[in-house]
Amino acid sequence: DGLVRFSISVIERFGVKVMVDFTLMIQLRHPCEVGGIPFLLSALFSLIGSFVVAFFYSTQYEGDAKLGDDALKTILASLSALWVISVIAFFSVMKKDYIRTFYSIETTSDFNKNWFLSQGEDQDEEKSVA
């Protein structure tokens, strides 16, 4: 029973990490998932990584179907601009209290403790544990 739970937990954590790295799913920035700073770093590394890959593609790849440097720069600039516009649009419509979640260093333990303590009366705290 314990080994099965541990195995499922490892698979789930790996799946979340892969989703964050390849999709930047906004919901996964929660402290109980990836967290604010790791999410932000993953987003920045993805954006920077695309420029690094484009550089190596244009300098090292010698295939017949190689994109021209101008086309590659246009595609990369367009996608980067679209990403920046999307992020700006997202931040402009989101609740301002949540912006801190993108740079928060709060851990799952901290989040759970703060949530528990913010519940108020002892009766409410008992309900949250049950």
Side-chain angles (χ1 to χ4, degrees):
D1 188 43
L3 181 61
V4 171
R5 287 182 182 192
F6 176 77
S7 300
I8 291 171
S9 176
V10 168
I11 291 169
E12 194 265 339
R13 291 286 99 208
F14 180 75
V16 166
K17 177 67 174 136
V18 168
M19 280 193 295
V20 168
D21 287 346
F22 293 104
T23 67
L24 290 177
M25 215 171 157
I26 292 291
Q27 293 85 347
L28 298 177
R29 78 186 187 288
H30 192 277
C32 293
E33 294 295 340
V34 175
I37 290 289
F39 181 86
L40 181 63
L41 291 175
S42 182
L44 292 175
F45 288 152
S46 294
L47 186 61
I48 293 167
S50 61
F51 287 94
V52 172
V53 168
F55 170 76
F56 282 112
Y57 174 82
S58 66
T59 59
Q60 303 295 321
Y61 183 70
E62 297 296 333
D64 292 336
K66 182 178 178 179
L67 287 174
D69 286 346
D70 289 339
L72 187 62
K73 288 176 185 175
T74 302
I75 292 169
L76 191 57
S78 300
L79 290 175
S80 298
L82 183 63
W83 183 84
V84 168
I85 291 167
S86 298
V87 168
I88 290 170
F90 177 74
F91 280 127
S92 68
V93 298
M94 76 182 285
K95 201 173 183 181
K96 301 305 177 212
D97 296 340
Y98 296 142
I99 289 178
R100 69 168 184 78
T101 64
F102 285 91
Y103 58 84
S104 172
I105 58 171
E106 183 177 45
T107 64
T108 301
S109 176
D110 295 336
F111 174 80
N112 289 335
K113 184 175 100 177
N114 292 336
W115 181 82
F116 180 79
L117 293 175
S118 71
Q119 294 305 303
E121 299 296 319
D122 289 341
Q123 294 170 343
D124 293 334
E125 291 173 2
E126 290 173 9
K127 288 179 192 173
S128 68
V129 174

Closest non-hydrogen contact found for Phe39 with Val34 is N-CG1, 3.9 Å
For salt bridge (Lys or Arg N to Asp or Glu O under 4.0 Å), just list the numbers for Lys17 and Glu33, CA-CA rounded to whole Å, side-chain angles, deciding distance to a tenth of an Å, and then say yes or no. CA-CA 9 Å; Lys17 177 67 174 136; Glu33 294 295 340; over 6 Å; no
Please check if the number of heavy atoms outside Phe14 that lie under 6.0 Å from its CZ is greater than 12. no
same_hphob_cluster(Phe111, Val16) at 4.5 Å side-chain heavy-atom cutoff: no
Do the side chains of Phe90 and Leu41 join up, straight or via other hydrophobic residues, at under 4.5 Å, putting them in one cluster? yes
Under 3.5 Å, is there a donor-acceptor pair between the side chain of Ser42 and the main chain of Pro38? no
Closest heavy-atom pair, Ala54 versus Leu72, reported as atoms and distance to 0.1 Å, is O-CD2, 3.5 Å
Value rounded to 0.5 Å, distance of CZ in Phe55 from NZ in Lys73: 11.0 Å
Any idea which heavy atoms bring Phe102 and Leu40 closest together, and the distance? O-CB, 3.5 Å
When hydrophobic residues are tied together by side-chain contacts of less than 4.5 Å, even through go-betweens, does Val87 share a cluster with Leu79? no
Report, as yes or no, whether the 6.0 Å neighbourhood of atom NZ on Lys113 holds more than 12 heavy atoms from other residues, nucleotides or ligands. no
Hey, is the main chain of Leu67 close enough, under 3.5 Å, to the side chain of Tyr57 for a donor-acceptor pair? yes
Separation between CG (Leu76) and CG (Asp69), nearest 0.5 Å, reads 11.5 Å
When the side chains of residues 3-11 are checked against the rest of the protein, which donor-acceptor pairs come out under 3.5 Å, sequence neighbours left out?
{"residue": "Ser7", "atom": "OG", "partner": "Leu3", "partner atom": "O", "Å": "2.8"}

Do you reckon Ile85 sits in the same ILVMFWY cluster as Val93, going by side-chain contacts under 4.5 Å, direct or chained? no
Is there a side-chain contact between Ser80 and Phe51 (heavy atoms, below 4.5 Å)? yes
Is Ile105 atom CD1 crowded by more than 12 heavy atoms from other residues, nucleotides or ligands, each under 6.0 Å away? no
Pairs satisfying side-chain hydrogen bond (donor to acceptor under 3.5 Å, both in side chains), at least one member in residues 89-110, at least two apart: Arg29-Thr101, Glu106-Asn114, Thr107-Asp110
More than 12 heavy atoms of other groups within 6.0 Å of Tyr61 OH: yes
Are Ile75 and Leu82 in one and the same hydrophobic cluster, where Ile, Leu, Val, Met, Phe, Trp and Tyr link if side-chain heavy atoms are under 4.5 Å apart? no
